[in-house]
Amino acid sequence: LYDPNCNGKQVMVHLFEWKWTDIAAECERYLAGAGFCGQVSPPTEHVILPENNYPWWQRYQPVSYKLFSRSGSEADFVDMVHRCNSVGVRIYVDAVVNHMTGTGRSGTADGGSTYNSVGDARDFPGVPYSAEHFTPRDQCPSGDGNVNDYSNPANVRNCYLVSLTDLYGKLDYVRDAVAGYFNHLIQVGVAGIRIDAAKHMWPEDIAAVLSRLNDLPTDQGFPAGSKFYVFQEVIDQNDGAIKVDEYYDTGYVTEFRYCSKIAWGIKDYGQLSNLIDYGWGMARSDRAFIFTDNHDNQRGHGGGGNVITHENPRDYKQAVAYTLAQDYGFTRIMSSYFFENSDQGPPSNGGYSTADVTINADGSCGGGWVCEHRWNVMKKMVEFRNLVAGTTMSNYWNNGNAVAFSRGNQGFFAMAKQGSMSETLQTGLPAGSYCNIIDDCASSIQVGADGMAQVNINNYEEPIMAVCVGCGG
Ligand code: AAO
């Protein structure tokens, strides 16, 4: 439940809207060597909305648990999971099980299942679900049946989130159906899930589903007795009744306060000193699932807010570097596509068909894909985070313009907001010469017997020093 099953690796990348064939290739050509595991978009059959120009959020309106989506067929999905597993890259699925489609929708999904949620109909024969499997109207205290009062747990969890037909998680039938879907993923070799909209599900209903799950399959390389890794999307900004703590027994929780905190910290380095504020309710480190931005808040969905994204590359590199360098939580990196409006789907071949991710000669991506996870700083800092795993931050230093700390006696990190710094600092490292992995060893530090070193940074675009025992040249 709490072990990402990622073979000790400490970071996952969210390959938002990538096709299964591209992810399989990316596992083999990049993710395995760079030390990532990967989250993928919802694999289940979903509505298709030409009237909205095939938005990315189609996939958050499931029609059945058949594995047939805009990213590809079930055969493509299984091939991806197997190929990724065989090079040590574990896959996590974005699981949408709080609800099915929005109300008022009907049609046939891409895997062939029909759906009808018009009027009182709640027909999803592909599962199958029908009207009695959805939360009864009298359980929802809101006037129009939709979630509209975050101070009331019954409103948040029994009403319809943006008019999405809410599954009645109390029923054994629903718990069995959801567990059946998860056990299918497990059997294929998926290592874990993000539970979408977990805030809108009762924790006891999630626990009841998880109690029905099998161990991960040894034929996909998991040690016997391995459990499905679970992280739950609970947006807690201290502005409602639902707290992340309620979900600790069922897995990790998304820590959205971290997105705001790291953005403030990059704007004003002094703020980095109290980045993790338990007094403010932030989740304990061994339950916190953190990221600088996600697929919602990078485009103003889910409340949006002041987050730093790839659109400001210099700040974004600093935000991700710091996130990976410090020791709080389990980390995820975003891998995005460029967009002009917040509903826009992924790069396409026209209409519904998602375009291939193209890889340029210099290792960056083309065709409208951003591929933050392939940026130099991100790649190097993932290497750093994996190498210093298990150590804590110490020798913390911050003068408001530059910041530095060590990770046990394994690593040392420094970052300068204006692009340069020159300071004599305690590194916590054994005496010796260490080179900066960020600039491919163009710069280095000499650590004395007392652990002190002269730390110089002169690099405006990537003002970061990361050294570690056993990395670099
Ligand atoms: C689409 C259409 C809708 C239509 C619906 C059904 O846009 O108009 O009614 O179809 O036909 C995604 C899209 C939705 C889309 C949906 C289904 O974002 O636009 O709806 O697919 O296709 C809440 C939930 C959270 C949710 C988030 C979007 O708690 O679970 O809304 N995120 C997940 C996914 C997301 C997906 C869904 C759930 C649905 O990641 O991609 O939706 O499967 C507050 C609350 C939060 C709440 C936000 C937004 O937070 O605390 O719980 O999130 O508001 O309503 C400040 C604010 C604070 C705000 C916070 C957010 O602090 O003060 O109010 O920022 O960080």
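Order of listing sets the numbers, starting from 1, for every ligand and every atom in it. Nothing fancy with the numbering, it's 1 onward along the sequence. The figures that follow rest on heavy atoms only: side chains count, while hydrogens, waters and symmetry mates do not.
- The side-chain tip of R105 does not point at the ring of F124 from less than 6.0 angstrom away and within 45° of straight on.
- Every atom of ligand 1 is numbered from 1 in the order shown, and the set under 4.0 Å from a heavy atom of H295 is 34 (C), 35 (C), 40 (O), 41 (O).
- Screening F256, Y328, Y258 for a ring pair (Phe, Tyr, Trp, His ring centres under 6.0 Å) with F291, the sole residue that qualifies is F256.
- No cation-pi contact links R212 to F182, judged by a cut-off of 6.0 Å to the six-membered ring centre and 45° from its axis.
- Taking every non-hydrogen atom of G102 and a distance limit under 4.0 Å, the qualifying atoms of ligand 1 come out as 6 (C), 11 (O).
- Between the choices Y150, W57, Y60, the shortest heavy-atom distance to atom 2 (C) of ligand 1 belongs to W57.
- The main-chain N or O of P4 is found under 3.5 Å from a side-chain atom of Y92 such that the two form a donor-acceptor pair.
- Put simply, the side chain of R194 never gets that close to the backbone of Q39: no donor and acceptor are under 3.5 Å apart.
- Remark: ligand 1 atoms within the under-4.0 Å shell around heavy atoms of D196 are 33 (C), 34 (C), 37 (C), 38 (C), 39 (C), 40 (O), 43 (O).
- Under the 4.0 Å criterion applied to side-chain N and carboxylate O atoms, E26 and R374 are assigned as salt-bridge partners.
- The backbone N or O of P42 lies less than 3.5 Å from a partner atom in the side chain of R59, making a donor-acceptor pair.
- Atoms of ligand 1 lying under 4.0 Å from at least one heavy atom of V162, given by number and element, are 4 (C), 5 (C), 6 (C), 9 (O), 20 (O).
- For N349 (side chain) and T354 (main-chain N/O), a donor-acceptor pair under 3.5 Å exists by modelled atom type.
- Residue-ligand proximity, H200 to ligand 1, at heavy-atom distances under 4.0 Å covers atoms 24 (C), 29 (O), 30 (O).
- Ligand 1 lies out of reach of Y160, whose nearest heavy atom is not under 4.0 Å from it.
- Ligand 1 has no N or O atom lying under 3.5 Å from any N or O atom of W56, backbone or side chain.
- Of the charged side-chain nitrogens involved, none lies within less than 4.0 Å of a carboxylate oxygen, so that D3 and K227 do not count as a salt-bridged pair.
- Atoms of ligand 1 found under 4.0 Å from any heavy atom of A197, numbered from 1 in the order shown, are 30 (O).
- Every atom of ligand 1 is numbered from 1 in the order shown, and the set under 4.0 Å from a heavy atom of D296 is 18 (O), 32 (N), 33 (C), 34 (C), 35 (C), 40 (O), 41 (O).
- Cation-pi geometry between R299 and W56 is met: the NZ or CZ atom falls under 6.0 Å from the ring centre, inside 45° of the normal.
- The heavy atom nearest to atom 30 (O) of ligand 1, considering only E233, R105, H46, is found in E233.
- The option from Q237, M201, K199 that lies nearest to atom 45 (C) of ligand 1, judged by heavy atoms, is K199.
- Ligand 1 has at least one atom lying under 4.0 Å from a heavy atom of R194.
- Residue contacts with ligand 1 include L164, since one of its heavy atoms falls under 4.0 Å from the ligand.
- In terms of N/O distances under 3.5 Å, ligand 1 is not approached by L161.
- Short contacts between ligand 1 and H99, defined as distances under 4.0 Å to a heavy atom of the residue, involve ligand atoms 39 (C), 43 (O).
- Using modelled atom types and a 3.5 Å distance limit, the side chains of S117 and T101 yield a donor-acceptor pair.
- If you look at D239 next to ligand 1, the close heavy atoms, those under 4.0 Å, all belong to the side chain.
- Look at S163 and you'll find a heavy atom under 4.0 Å from some atom of ligand 1.
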